[in-house]
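Structure first, commentary second.
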Amino acid sequence: MPTYSAKALQTPRPVAILLFEGTKLLDFAGPLQVFSDAKTRDGAKAYDVHLLSETGGCLRTDTVCQIETSPLAAHQDAAWDTVLVSGGRSAYLAMKSEPLCVFIDKSTSNCRRIGSVCLGAFILAAGGHLSGRSATTHWDGCSKLSADYPDVNVQDDAIYVEDKGIWTSAGVTAGVDMAIEMVRRDLGPAEALRIAKSLVLPMVRSGGQRQFSKTLAAQASGKGDRFGELIASLTEDLRNRKSVAEMATEVGMSERNFARRFSEEIGVSPAQFVERLRVEHAANLLHRPDVLLSVVQIEAGFTSHENMRRAFQRQYGVSPSSYAAKFATPSAE
């Protein structure tokens, strides 16, 4: 990113969210809520959010809701702290908007960071802002982003990616995760976690986590009620260390046939799937204040601390203690 204007250090920090006709409501409503709720340590409003569009006025979203916006032309010389581009299928048309692209080009010269939600990554890519950088988008658009812009290092399963001041996120709710991480960097983990709790989020997800939890991905496959019931039972009691043979018996298959069919339909072996469930559950537990790693190990069903550490390294690329240091909720003083 070019030199950041000192004007954007003002409090509240000015944030522009760029919208266009047909934009997906949740793509911008999520970050909008996060930034609107954020407070400084003295309780003051941390961000001043503006919704902008090419022509201003009432903008149609992909739902029955319409949003009042301010025209880009009225803010051409503004010094923004953060500029976010919304998403949705209509981003493919919006990326051809010259006023929108010019506004983004000009913003990169004086804003601290610029980012996109969902398919808004295509608008940034069209302007060359993702060239030579790592980025992500909605899982359904990753292949197209990679094919259309081969100079972009597309992270096809990341929730959000930050590369030298350029942020991109996966679809819809991932925009909330990205905005919370921005708040964490700006205002600290306590405020980020306060917002997450107020929004009743089950956990604060790091950018390196997958767009789908393994449970959701398996449920979404829709390939057999027998596996669905097994997955539910595994998730409900991770302390019960079922063997592959026991899983096979539960679904009425031979061990060999079960292992083969499970891998084909779910995408990983039964053992790998269970490990990912354990790591996801352990990560949730590590958000609690002053939680003991020994307790997490037992509750998540790991046989030893070393076993848990290796599993975390495989799934998240960090140790359990490093994960807790970054995401654990601070204890109340």
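The structure displayed is predicted, hence computed values, not measured ones. Side-chain atoms are counted along with the backbone in the values below, which use heavy atoms only and exclude waters and symmetry mates.
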Query raised in the report: Q66 and L59: side chain to side chain contact (heavy atoms under 4.5 Å, CB included), yes or no, with the steps?
Result: CA-CA 5 Å; Q66 297 187 21; L59 189 79; over 6 Å; no
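- Side-chain atoms of S97 and E54 include a donor-acceptor pair closer than 3.5 Å.
- For the pair T249 (side chain) and A245 (backbone), a donor-acceptor distance under 3.5 Å is present.
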Report task. Output, in order, the C-alpha distance, side-chain angles, deciding distance and verdict of ring-ring contact (aromatic ring centres under 6.0 Å, His included) for F258 and F227. Result -> CA-CA 10 Å; F258 164 70; F227 285 172; 5.8 Å; yes
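- Between K106 and D77 there is a salt bridge, since at least one side-chain N of the basic residue sits less than 4.0 Å from a carboxylate O of the acidic one.
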Report task. Carefully, step by step, assess T82 and I114 under the rule side chain to side chain contact (heavy atoms under 4.5 Å, CB included). Result -> CA-CA 6 Å; T82 302; I114 190 165; over 6 Å; no
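- Judged by distance alone, the side chain of S36 and the main-chain N or O of Q33 form no donor-acceptor pair under 3.5 Å.
- Residue pairs meeting the salt bridge (charged side-chain N to carboxylate O under 4.0 Å, His left out) criterion with at least one partner in residues 291-303, sequence neighbours excluded, are R239-E299.
- The backbone N or O of D105 sits less than 3.5 Å from a side-chain atom of T108, completing a donor-acceptor pair.
- The closest side-chain heavy-atom distance from T69 to F20 is not below 4.5 Å.
- A tilted orientation is assigned to the rings of W80 and H75, their planes being inclined by 30° to 60°.
- Under the side chain to side chain contact (heavy atoms under 4.5 Å, CB included) criterion, S233 pairs with L230, K242, E250, not counting sequence neighbours.
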Query - Evaluation steps, side chain to side chain contact (heavy atoms under 4.5 Å, CB included), between R133 and N153 - result: CA-CA 6 Å; R133 284 183 164 91; N153 179 22; over 6 Å; no
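- In this structure the side chain of K39 reaches within 4.5 angstrom of the side chain of R194, judged on heavy atoms.
- Remark: the backbone N or O of S116 is paired with a side-chain donor or acceptor of S169 at under 3.5 angstrom.
- In this structure, the side chains of S319 and F312 stay at 4.5 Å or more apart for every pair of heavy atoms.
- Residues V251 and V274 are members of one and the same hydrophobic cluster, defined by side-chain heavy-atom contacts under 4.5 angstrom among Ile, Leu, Val, Met, Phe, Trp and Tyr.
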Query - Working for salt bridge (charged side-chain N to carboxylate O under 4.0 Å, His left out), residues R13 and D186 - result: CA-CA 10 Å; R13 304 177 189 225; D186 293 348; 3.8 Å; yes
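- Within the 4.5 Å cutoff, no side-chain heavy atoms of H281 are placed close to those of L277.
- A salt bridge does not link R276 with E280: every distance from a Lys NZ or Arg NE/NH1/NH2 to an Asp or Glu carboxylate oxygen is 4.0 Å or more.
- Annotation: ring-ring contact (aromatic ring centres under 6.0 Å, His included) contacts involving residues 111-132, sequence neighbours excluded, comprise Y92-F122.
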Query raised in the report: Going through the checks in order, is the salt bridge (charged side-chain N to carboxylate O under 4.0 Å, His left out) test met by E181 and R184?
Result: CA-CA 5 Å; E181 174 60 14; R184 187 189 72 82; 2.8 Å; yes
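- Of the charged side-chain nitrogens involved, none lies within less than 4.0 Å of a carboxylate oxygen, so that D37 and K45 do not count as a salt-bridged pair.
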